[in-house]
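Reading through the structure tokens given below for one structure.
Here the structure is a predicted model, which is why all the values come from computation and not from measurement.
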Amino acid sequence: VKTEAAPAAILAGQITDGLATPLVGWLSDSTRTVIGKRKPWYIGGLVLIVVAFLPTFQDIKYYFPQVRPGMEWAYYLFFPSLFNVGWASLQISHMALVPALTCSRRRRDKLNNLRNTFTFLANLLVLITGFFLFLFLSSPALEFSILSLSALVIGLAFSLYFIIRIDEPRLEQTCK
């Protein structure tokens, strides 16, 4: 990422996230599908994240070797924004699912604690992986590519497991 584009990319992503988060919450509250209220938003967010994750953290020349200067700015604004819409969709729907998973307040607290614990462990895993990559490899571009691809693949695997294992409509009916 060019030095002058990085702050704009971060700002664009944060503004998009700030707009998308309440919008996704509001829209997911009124969504009714056979797979539930939240899962479609989770799945849609996951698709956006998978599409936008690597381009957000890769140089545009990796995807578009011949690029015009204006196109670079569009690239660095579009993909972080798309990533943050996906992130908002995935996170809001995931957090909103907790009340549907159990009727017990104690179990809800435990689920939230487990969610926070696994978030911490995932972040720690990325840091440890990055440490060893940066220690043993000598190419910053290769190090970062391996780290971002590893995070994407591991996150995708756990998300697919979540999508397959959680039956939202059945759980919602249990608490009524």
Side-chain angles (χ1 to χ4, degrees), residues 1-29 31 38-98 112 115-160 162-163:
V1 176
K2 289 192 171 194
T3 306
E4 62 272 8
I10 292 169
L11 181 62
Q14 291 301 302
I15 289 171
T16 306
D17 185 38
L19 296 171
T21 297
L23 186 61
V24 167
W26 178 68
L27 290 171
S28 72
D29 283 344
T31 299
R38 314 296 178 188
K39 264 178 112 171
W41 290 94
Y42 187 94
I43 293 167
L46 181 62
V47 169
L48 293 178
I49 288 170
V50 168
V51 167
F53 188 81
L54 291 178
T56 296
F57 297 106
Q58 300 284 331
D59 187 5
I60 187 174
K61 289 179 178 64
Y62 183 78
Y63 298 100
F64 305 103
Q66 304 293 327
V67 65
R68 292 176 282 169
M71 182 72 171
E72 280 186 69
W73 278 94
Y75 174 91
Y76 289 124
L77 295 177
F78 176 74
F79 283 106
S81 296
L82 185 65
F83 174 83
N84 277 288
V85 170
W87 190 256
S89 298
L90 189 133
Q91 290 297 308
I92 293 301
S93 59
H94 193 261
M95 287 186 289
L97 266 171
V98 170
N112 279 321
R115 184 181 189 278
N116 290 333
T117 299
F118 281 104
T119 299
F120 173 80
L121 291 174
N123 290 330
L124 187 62
L125 177 63
V126 168
L127 290 172
I128 290 169
T129 304
F131 174 77
F132 284 109
L133 285 172
F134 301 149
L135 187 66
F136 294 114
L137 297 177
S138 59
S139 167
L142 179 62
E143 295 162 353
F144 203 71
S145 292
I146 292 172
L147 183 60
S148 58
L149 188 59
S150 300
L152 180 64
V153 169
I154 292 168
L156 182 60
F158 278 99
S159 290
L160 291 174
F162 175 80
I163 290 167

Solution key, residues 7-22 side-chain donor-acceptor pairs under 3.5 Å, sequence neighbours excluded:
{"unit_1": "T16", "atom_1": "OG1", "unit_2": "A12", "atom_2": "O", "d": "2.7"}
{"unit_1": "T16", "atom_1": "OG1", "unit_2": "S81", "atom_2": "OG", "d": "3.2"}
{"unit_1": "D17", "atom_1": "OD1", "unit_2": "T21", "atom_2": "OG1", "d": "3.1"}
{"unit_1": "T21", "atom_1": "OG1", "unit_2": "D17", "atom_2": "O", "d": "2.9"}

Gap between atom CG of L46 and atom OG of S93 - 0.5 Å precision: 9.5 Å
Give, for atom CD1 of I49 and atom CG of N84, the distance between the pair rounded to the nearest 0.5 Å. 9.0 Å
Atom of L90, atom of S159 and distance for their closest heavy-atom approach: CD1-OG, 4.4 Å
Could you walk me through whether S148 and L54 pass side-chain contact (heavy atoms from CB on, under 4.5 Å), step by step? CA-CA 7 Å; S148 58; L54 291 178; 3.7 Å; yes
In Å and rounded to the nearest 0.5 Å, what is the OG1 to CD distance from T119 to Q91? 7.0 Å
Looking at every heavy atom in both F53 and F83, which two are closest together, and how far apart are they? CD1-CE1, 3.4 Å
Partners meeting side chain to side chain contact (heavy atoms under 4.5 Å, CB included) with F78 (sequence neighbours left out): L82
Taking everything shown except F158 itself, do over 12 heavy atoms lie less than 6.0 Å from its CZ? no
Donor-acceptor pairs under 3.5 angstrom involving side-chain atoms of residues 150-157: please list them, not counting sequence neighbours.
{"unit_1": "S150", "atom_1": "OG", "unit_2": "I146", "atom_2": "O", "d": "2.7"}

Side chain to side chain contact (heavy atoms under 4.5 Å, CB included) partners for S28, two or more places apart: R38, W41
Not counting sequence neighbours, which residues clear side chain to side chain contact (heavy atoms under 4.5 Å, CB included) with L127? List them please. none
Looking at residues at least two apart in the chain, or sitting in another chain, which of them share a side-chain hydrogen bond (donor to acceptor under 3.5 Å, both in side chains) with T129? none
Which residues pass the side chain to side chain contact (heavy atoms under 4.5 Å, CB included) test with S139, sequence neighbours left out? A141, L142
Answer yes or no: is there a side-chain heavy-atom contact under 4.5 Å between F162 and L97? yes
Take N116 and F120 through the test side-chain contact (heavy atoms from CB on, under 4.5 Å) and record every step on the way to the result. CA-CA 6 Å; N116 290 333; F120 173 80; over 6 Å; no
Could you list the residues that satisfy ring-ring contact (aromatic ring centres under 6.0 Å, His included) with Y75, not counting sequence neighbours? F79
Separation between CG of L124 and CZ of F118, rounded to the nearest 0.5 Å: 13.0 Å
If the condition is side-chain hydrogen bond (donor to acceptor under 3.5 Å, both in side chains), which residues does E143 pass it with, not counting sequence neighbours? none
From OG1 (T56) to CH2 (W87), nearest 0.5 Å: 12.0 Å
State, to 0.1 Å, how close S89 and V24 come at their nearest heavy-atom pair, and which atoms those are. OG-CG2, 3.5 Å
